[in-house]
Number of protein chains: 2
Amino acid sequence: MTDSSDKKYPVPTIRRLPSYLRVIKALDFEGREFVSATDIANELGIDSIKVRKDLAYTEATGKPRVGYRITELMHGIRSIIGWDRNSEAILVGAGCLGSALLGFPGFSKRGLNFVAAFDADREKYGTYVHECEIKPIEELEKFITERLIEIAVLTVPSFAAQQVTDRLVNAGIKGIWNFSPVRLKVPPSVVVQSENLMSGLAVFMVRMARGAE
Amino acid sequence: MTDSSDKKYPVPTIRRLPSYLRVIKALDFEGREFVSATDIANELGIDSIKVRKDLAYTEATGKPRVGYRITELMHGIRSIIGWDRNSEAILVGAGCLGSALLGFPGFSKRGLNFVAAFDADREKYGTYVHECEIKPIEELEKFITERLIEIAVLTVPSFAAQQVTDRLVNAGIKGIWNFSPVRLKVPPSVVVQSENLMSGLAVFMVRMARGAE
DNA sequence: TAGATTGTTAATCGATTAACAATC
DNA sequence: TAGATTGTTAATCGATTAACAATC
């Protein structure tokens, strides 16, 4: 049993950890050795008590008057959010968004490595998008079972989402990062994490209508 | 004063409204006239009481035993999240992600129309990405002031984000939809809505480590 | 030492969930 | 009518914020 399997981290805390990591990585780069919760809070414009409580979930311990050792804190955060481990992932649906994700260097830096992409468009077969080969969707199951892939990033059109999901699950995929605006039906053993860009747009438009606070 | 300027909608509610709209649009397409909160809740796998309370924020009123008139509900939701109005927007940073956003048909369907994109790469000038012309970043201020653009979508690299933001604000931009992982400093009158993909990845990885619930 | 910062417990706030009368 | 569904008030739950002793 790993550290993260028995502890329960609040989702809002998890969502904030990457921004903390970004801040302290920059400080580390500048040669700083320690950082306080106040430092991070000021940099991000949030409350320092919240930061302190979030950091208490990590293995890192702080010293009064000094703060947290940056190397220790980086390790503690990366350990929780799994960015100290490498995973192989496939991407399904190499359209505009899918191609953009393939080319985003942030994923491999954080341990998520795309080893192949699949698409239904025959004209794309054999081409490479940011060093990742586009394979025929027909080879999906074969690739997953042979390479024991557990993670799939789903960027197919809405109408194909559930059907592709069924194939992914059947082939043994354990987690789907879903970028299509569809609720995917999967067995309870499969994790689905959905990103909905339109929620963000809705919040943005409401805030614009209200005017700045 | 419009409807949305004096009412205060909870952010979680706003984030759910687009998914409700998607569900009832599909029902409308099938020819259905009424929908109940339970129908929507079942389709999305969430609690029906939550849906009912969210819908109470709209102008639509339901009839016991019948539900809400779909046309009325669509209008009510669109009105809150501003998808019944058209806005002109510019995109700054026509890289992978920026180009993907330019090509996404979902935005113009929801009233957000990209009228130009700007980039620092001279080789892109004059080219079109999904019917949107890429212009030199030097023309940014001129374009904003002449066309009275209020909305900018920011997809530039992190190191350029704040500098571009300052230029946008100076030129009169009222809202920035920010896709760079940077906290932007803006005057209080300017709305900044930030999307952080890495938060989603973090939550996904933690849930994977825990195994499915 | 003095005082800033941690770690933790308590209070507040807001969202979700439960309950139920009103109603079509 | 009977009963499903709305609209709304109350209870619960969880996250944020406040408070404060411990400590380096």
Margin query: So Val190(B) and Leu184(B), do their side chains get closer than 4.5 Å, heavy atoms only?
Written below: no
Donor-acceptor list for residues 104-114 of chain A side chains, cut-off 3.5 Å, not counting sequence neighbours:
unit_1    : atom_1 : unit_2    : atom_2 : d
Ser108(A) : OG     : Pro105(A) : O      : 3.3
Arg110(A) : NH1    : Gly106(A) : O      : 2.8
Asn113(A) : ND2    : Asn86(A)  : OD1    : 2.9

Check: Does any non-hydrogen side-chain atom of Leu197(A) lie less than 4.5 Å from one of Leu97(A)?
Finding: no
Next item on the list: Taking salt bridge (Lys or Arg N to Asp or Glu O under 4.0 Å) as the test, write out the residues that go with Arg183(A), two or more places apart.
Entry: none
Note to self: Heavy atoms within less than 4.0 Å of DNA chain D: which residues of residues 42-52 of chain A have one? Give them sorted by number.
What the structure shows: Asp47(A), Ile49(A), Lys50(A), Arg52(A)
Item checked: Most 5' of Lys63(A) and Thr13(A) on DNA chain D, judged by nearest nucleotide -> Thr13(A)
Please tabulate, for side-chain N and O atoms in residues 154-161 of chain B, each donor-acceptor pair with protein atoms closer than 3.5 Å (sequence neighbours left out).
unit_1    : atom_1 : unit_2   : atom_2 : d
Thr155(B) : OG1    : Val92(B) : O      : 3.1
Thr155(B) : OG1    : Gly93(B) : O      : 2.6

Next item on the list: Output the residues of residues 14-37 of chain B in contact with DNA chain C, where contact means a heavy atom of the residue under 4.0 Å from an atom of the strand; sort by number or write none.
Entry: Arg16(B)
Item checked: Trp83(A): which of Ile77(A), Leu17(A), Leu21(A) passes side-chain contact (heavy atoms from CB on, under 4.5 Å) -> Leu21(A)
Item checked: Residues that Asp166(A) engages under side chain to side chain donor-acceptor pair (under 3.5 Å), provided they are two or more places apart -> Gln162(A)
Checklist line | Sugar-phosphate, base or nothing in reach of Thr61(B), heavy atoms under 4.0 Å | finding: sugar-phosphate
Next item on the list: Could you pick out which residue, Leu55(A) or Lys53(B), lies toward the 5' side of DNA chain C when each is mapped onto its nearest nucleotide?
Entry: Leu55(A)
Item checked: Nearest non-hydrogen partners of Ile90(A) and Phe118(A), listed with the distance -> CG2-CE1, 3.9 Å
Notebook entry, point to check: Residues two or more places apart in sequence or in another chain: which of them pass salt bridge (Lys or Arg N to Asp or Glu O under 4.0 Å) with Arg65(A)?
Noted result: none
Check: Which residues satisfy the side chain to side chain donor-acceptor pair (under 3.5 Å) test with Glu141(A), sequence neighbours excluded?
Finding: Arg167(A)
Notebook entry, point to check: Where does the angle between the aromatic ring planes of Trp177(B) and Phe204(A) fall among parallel (under 30°), tilted (30 to 60°) and perpendicular (over 60°)?
Noted result: parallel
Would you mind writing out the side-chain donor-acceptor pairs for residues 25-39 of chain A within the sub-3.5 Å range, not counting sequence neighbours?
unit_1   : atom_1 : unit_2   : atom_2 : d
Arg32(A) : NE     : Phe34(A) : O      : 3.1
Arg32(A) : NH2    : Phe34(A) : O      : 3.1
Arg32(A) : NH2    : Asp39(A) : OD2    : 3.0
Glu33(A) : OE2    : Arg69(A) : NH1    : 2.6
Ser36(A) : OG     : Thr38(A) : N      : 3.3
Ser36(A) : OG     : Asp39(A) : N      : 3.1
Ser36(A) : OG     : Asp39(A) : OD1    : 3.4
Ser36(A) : OG     : Asp39(A) : OD2    : 3.3
Asp39(A) : OD2    : Ser36(A) : N      : 3.0

Next item on the list: Give each stem of DNA chain C as a range with a range, requiring at least 3 consecutive Watson-Crick or G-U wobble pairs whose two distances are under 3.5 Å.
Entry: C:3-24 with D:3-24
Checklist line | Interface limits on DNA chain C, where chain A has a heavy atom under 4.0 Å of a nucleotide atom | finding: dG3(C) to dA10(C)
Checklist line | side chain to side chain donor-acceptor pair (under 3.5 Å) contacts in which one or both residues fall within residues 44-53 of chain A, not counting sequence neighbours | finding: none
